[in-house]
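Read through the structure below, which is laid out as structure tokens, and then see the notes.
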Number of protein chains: 2
Amino acid sequence: MQKEQRLNPEHSGITLGPLPGSEKRYLEKQRNDGLRLRIPYRSVQLSDGQQFPLYDCSGPFTEKGFVDLKRGITVQREEWVQVREGLQPENRRIAAPGSFVRNTRKSTGPCTQMYYAKKGELTPEMEFVALRENLKPDFVLDEVARGRAIIPANINHVELEPMAIGRNFLVKINANIGNSAVRSSIEDEVEKMVWATRWGADTIMDLSTGKDIHETREWIIRNSPVPVGTVPIYQALEKVNGKPEELTWELFRDTLIEQAQQGVDYFTIHAGVLLRFVPTTANRLTGIVSRGGSIMAKWMLAHHQESFLYTRWDEICEIMAAYDVSFSIGDGLRPGSIADANDEAQFAELKVQGELTTRAWDFHVQVMNEGPGHVPMHRIKENMDKQLEWCHEAPFYTLGPLTTDIAPGYDHITSAIGAAMIGWYGTAMLCYVTPKEHLGLPDREDVRQGVVTYKIAAHAADLAKGHPGAQLRDDALSRARFEFRWKDQYNLSLDPERARSFHDETLPGEGADVAHFCSMCGPKFCSMEITHQIRSMADSTAAPEEAMQQKAKEFREMGGEIYVRADSSSQH
Amino acid sequence: MQKEQRLNPEHSGITLGPLPGSEKRYLEKQRNDGLRLRIPYRSVQLSDGQQFPLYDCSGPFTEKGFVDLKRGITVQREEWVQVREGLQPENRRIAAPGSFVRNTRKSTGPCTQMYYAKKGELTPEMEFVALRENLKPDFVLDEVARGRAIIPANINHVELEPMAIGRNFLVKINANIGNSAVRSSIEDEVEKMVWATRWGADTIMDLSTGKDIHETREWIIRNSPVPVGTVPIYQALEKVNGKPEELTWELFRDTLIEQAQQGVDYFTIHAGVLLRFVPTTANRLTGIVSRGGSIMAKWMLAHHQESFLYTRWDEICEIMAAYDVSFSIGDGLRPGSIADANDEAQFAELKVQGELTTRAWDFHVQVMNEGPGHVPMHRIKENMDKQLEWCHEAPFYTLGPLTTDIAPGYDHITSAIGAAMIGWYGTAMLCYVTPKEHLGLPDREDVRQGVVTYKIAAHAADLAKGHPGAQLRDDALSRARFEFRWKDQYNLSLDPERARSFHDETLPGEGADVAHFCSMCGPKFCSMEITHQIRSMADSTAAPEEAMQQKAKEFREMGGEIYVRADSSSQH
């Protein structure tokens with residue numbers, strides 16, 4: 001009874017319900033093989049009666065109803081996976097929507113999206129992604145087949161709404177959750193996922209440490225509509241009480257299998273940190289700053305042996321292939337300061353990441369590569385260029401990069417600059433940084449700031465890359481702004497609640513929502529009227545001088561009221 | 001008596017006192033001509049006994065004492081200007097420090113920094129700037145002479161601590177203040193300047209409208225250590241009760257003289273908005289978004305005449321030259337949305353800005369050019385390239401640009417991305433954008449966020465441009481971070497108070513300041529120890545295998561404790 005109550009979403013603190021002015025909808029499609037796809041999107045209701053569709057990754061938590069965490073969310077992939085397993089209809093065990101499915105299936109052969117793509121088989125996941133991003137299904141298949149995009153989708157994470165990570169897709173963002181040694185309840189951990197995806201996180205990484213790590217992850221995966229990534233060495237380390245030198249391949253292998261069975265969609269594995277690279281970090285300003293990298297450096301120093309992550313790579317690939325867990329090959333030697341950017345250690349590891357990528361592809365395992373870190377603007381492009389070349393166009397997944405070290409407390413911003421740029425250059429996914437980076441654990445507000453900031457960086461990159469359709473949202477919002485449709489401006493924005501509250505701080509009241517001005521310039525110089533005036537004038541540009549003079553006279557007689565929409569807090 | 005009390009800084013709400021862990025100091029220099037220079041800097045006291053000097057533009061408000069607003073701040077330039085006027089020592093009227101000087105002097109001949117630079121005369125202002133930025137005085141003189149840098153320094157703003165704006169100098173930032181129709185007191189207006197410069201604004205623009213505009217400006221200038229810019233057409237418009245069509249050249253001219261006599265250092269004048277350009281904005285998504293541009297568009301439409309700002313340009317230049325007011329040639333047709341970026345109207349105006357620049361230089365008037373606005377990343381560089389070419393390398397001064405329209409409430413961030421990039425490409429000064437942009441008037445917290453965000457953009461640009469010495473601060477802060485000198489990390493940061501409070505939220509207490517870990521990873525994987533371990537290992541890389549094995553054995557026997565400094569909220 002106690003447990004029941006704790007799990008009731010009404011009492012659990014899970015954030016539910018749609019964002020302001022919008023409704024969660026699904027595009028439904030039935031394939032020729034009978035499988036059904038339900039592609040989510042958020043429909044913004046504009047005041048002119050139009051609907052504006054937005055990409056959405058928040059799952060059923062932004063529908064109107066409740067979500068019962070203990071039952072998990074909808075499992076549309078269950079049937080897809082069973083069909084691929086070759087189960088005949090009569091043998092398929094289709095769980096009811098909202099069943100809490102604890103699968104531990106393992107494929108007897110390769111079952112990765114890359115494997116099917118190479119065979120030319122268009123999976124429901126590929127088609128789902130194509131419809132979600134308005135791309136041709138064959139294009140998605142080709143990108144996955146050649147390793148230029150991945151669809152992280154563990155066969156045991158049937159709750160997933162598939163998404164793609166690749167440089168010819170929308171730029172994605174990841175939010176880290178669970179990186180707290182102290183937590184109050186499992187619901188709190190699930191809420192972190194719900195909260196991050198509500199603001200737009202395309203994937204989450206569960207970096208939980210401490211007790212109940214397995215159980216926490218189970219709850220997160222069973223309720224997560226987005227891919228879940230982990231760093232398995234963290235849990236392995238917990239099993240040896242935090243002593244890296246006691247890690248063994250067998251223990252790590254078992255941890256991989258445990259997490260793969262649960263449904264983790266991608267693993268960060270720092271297999272590129274080789275023994276011979278460690279001394280090259282000796283003269284760095286900030287040494288090794290990656291936790292995974294440092295754990296393995298410590299192990300290698302203690303044993304004076306090559307990293308088992310590297311020597312056992314083929315065995316790791318076999319495990320990944322049997323569950324379709326994607327690699328996120330870690331960058332354990334990423335620079336932790338401007339001074340260390342693009343140095344020997346970093347690029348030596350990147351080359352090995354490329355080698356590991358090719359080897360993983362031989363096992364049909366999907367791969368992305370992690371990247372830095374702290375890099376000044378003029379050295380960012382080199383990272384992208386080298387990654388494309390050395391890692392054979394596998395998707396790049398970077399942390400920022402931070403473009404200066406001097407702003408702790410504002411590192412979501414120092415890094416958003418670098419993230420937007422590297423996204424433009426071709427990075428497929430950006431790992432968010434919160435304002436608390438380097439200082440402490442992010443709270444809810446920090447997570448929101450971090451996610452929204454990274455949605456900005458990702459969208460700015462989509463615009464710069466010329467992603468088809470990316471600018472539609474900018475245009476719709478700017479049109480709303482120019483036409484003083486305040487609510488539409490809020491609702492089309494990345495954070496409708498904040499936009500509205502900022503406006504209402506200085507001009508509160510329902511009336512201000514329809515006012516043709518705001519508090520920035522006041523009513524004197526704000527309106528869309530000038531455009532009409534200018535348009536009518538433009539029609540007469542070919543007219544003789546007298547006509548123009550006449551026009552000026554008429555205009556003065558009319559009262560000469562032209563309103564111009566002025567830029568806000570800057571004004572001049 | 002009532003007034004006295006109102007002006008007492010202890011009661012006026014003026015923010016006083018040094019930033020945490022630092023002290024305001026001055027580099028003193030006496031020139032051969034006897035004139036004295038006092039160059040301010042902020043000295044950060046590090047815990048290892050070292051001092052770290054930082055560029056500082058906050059004036060005496062960050063000294064330990066009080067500042068009496070009614071007396072104004074120190075007037076070191078008074079003597080410099082009088083010497084240039086040719087006054088013999090016995091005739092110079094040197095006001096006591098802290099006198100409230102109301103000069104209305106006008107030069108009988110050209111008195112601009114550019115004029116002296118062209119003559120090869122190294123003014124105290126140039127030398128001040130050279131010492132402030134650690135550059136050679138002759139280099140400063142050359143840059144000013146050829147118009148590639150300006151030193152905005154009205155002969156009547158003797159309270160100024162001179163600074164330079166040019167692409168071979170540190171990137172500067174501007175904060176707008178006073179853009180409120182409603183204000184409570186003159187002290188409140190001065191406090192806005194004090195607050196913005198405290199966080200690092202290099203110049204301020206006083207965009208005040210409404211009553212007491214002259215008196216407010218007087219108080220700001222008499223207390224401002226940084227150049228003050230205005231948009232004179234705003235005050236002119238007040239004089240005709242907000243009716244643009246009633247503006248006249250004579251009224252505008254008188255306003256220019258009034259403000260020049262007060263000591264305004266630069267004027268934004270939207271003289272590049274020509275009648276024939278107005279129709280080209282007709283099909284824009286967001287029309288004209290510049291307030292100054294729209295005022296003149298309205299005037300031109302009403303009269304069907306060319307803008308008097310353009311036709312009277314030479315007369316304007318004569319006024320500017322007589323007080324050394326610098327031009328900030330406005331971009332009245334800047335794009336207000338991604339859709340309108342880099343369009344015909346915008347670039348037509350930019351070409352005219354170039355023509356006006358050359359004409360101003362003929363009068364020895366210093367010039368910078370204003371730039372956009374809203375521009376997607378891939379179209380930013382074109383703005384810089386065209387400005388350099390068409391405006392003959394005069395300094396560029398941009399508002400952002402914002403790299404997407406979809407994030408009202410976060411436009412300090414959408415624009416910091418563009419600002420950092422265009423700063424790297426060569427923009428000399430960045431006009432800040434606050435989180436309230438497009439929504440309302442910024443409050444104190446918004447101003448702080450806006451200024452710090454733009455300091456980030458400017459510094460990221462300095463790093464990318466390879467400005468000598470820029471990286472010293474990053475290195476010092478990163479070294480402090482790696483060595484767990486928490487206080488040094490805070491005090492070297494752009495916002496020491498925020499950095500400290502973020503850290504203390506999760507690990508409060510004095511002990512946490514010396515802890516070799518923080519709340520992000522906890523004590524297990526945090527220390528600088530690994531670098532020492534790695535360094536000792538690196539020494540033996542040439543050793544035979546046995547030695548290495550021995551090293552590994554020793555290491556385990558020692559307890560095998562290696563601490564690695566892990567990256568925080570991201571961790572993996």
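Protein chains get the first letters and strands the later ones, always in sequence-line order, with residue 1 at the start of each.
Applying the salt bridge (Lys or Arg N to Asp or Glu O under 4.0 Å) test to A:E497 and every residue at least two apart in sequence or in another chain returns A:R448.
Heavy-atom minimum distance, A:I413 versus B:A416: CG2-CB, 4.4 Å. For the pair A:M377 and B:A420, the tightest heavy-atom approach, listed with the atom from each and the gap, is CE-O, 3.1 Å. Residue B:M421 comes nearest to A:W424 through the heavy atom pair CE-CZ3, 3.4 Å, listed as atom of the first residue, atom of the second, then distance. Pairing each heavy atom of A:P408 with each of B:A499, the nearest pair is O-CB, 3.7 Å. In this structure, B:S478 and A:D405 approach most closely via the heavy-atom pair OG-OD2, 2.6 Å.
Contacts of B:L494 with chain A are made by both backbone and side-chain atoms, with heavy-atom separations under 4.5 Å. Of the two parts of B:D340, neither the backbone nor the side chain holds a non-hydrogen atom closer than 4.5 Å to a non-hydrogen atom of chain A. Looking at A:A461, the atoms closer than 4.5 Å to chain B (heavy atoms on both sides) sit in the backbone and in the side chain alike.
Put simply, of A:I233, A:I406, A:L477, A:D495, the one with the most heavy-atom pairs under 4.5 Å next to chain B is A:I406. Note: B:D475 leads B:I380, B:D462, B:D475, B:L402 in heavy-atom pairs under 4.5 Å with chain A. Note on B:A464, B:G332, B:G450: by heavy-atom pairs under 4.5 Å with chain A, the leading option is B:A464. For the set A:P376, A:G330, A:P435, the entry with the most heavy-atom pairs within less than 4.5 Å of chain B is A:P435. Between chain A and the residues B:R276, B:R379, B:Q471, the most heavy-atom pairs under 4.5 angstrom are made by B:Q471. Between chain B and the residues A:I456, A:D446, A:D411, the largest count of heavy-atom pairs under 4.5 Å involves A:I456. Of the residues considered (A:T403, A:T230, A:V452), A:V452 shows the highest number of contacts with chain B, using heavy-atom pairs under 4.5 Å.
A:D443 places none of its side-chain heavy atoms less than 4.5 Å from the side chain of B:F502. In this structure, A:Y410 and B:K455 have side chains that are not in contact, with every pair of non-hydrogen atoms separated by 4.5 Å or more. When side chains are defined from C-beta on, A:L439 does not count as touching B:E505, because their heavy atoms never get closer than 4.5 Å. Within the 4.5 Å cutoff, side-chain heavy atoms of B:R479 are placed close to those of A:L285.
Rounding to the nearest 0.5 Å gives a distance of 3.5 Å between CG of B:D474 and OG1 of A:T404.
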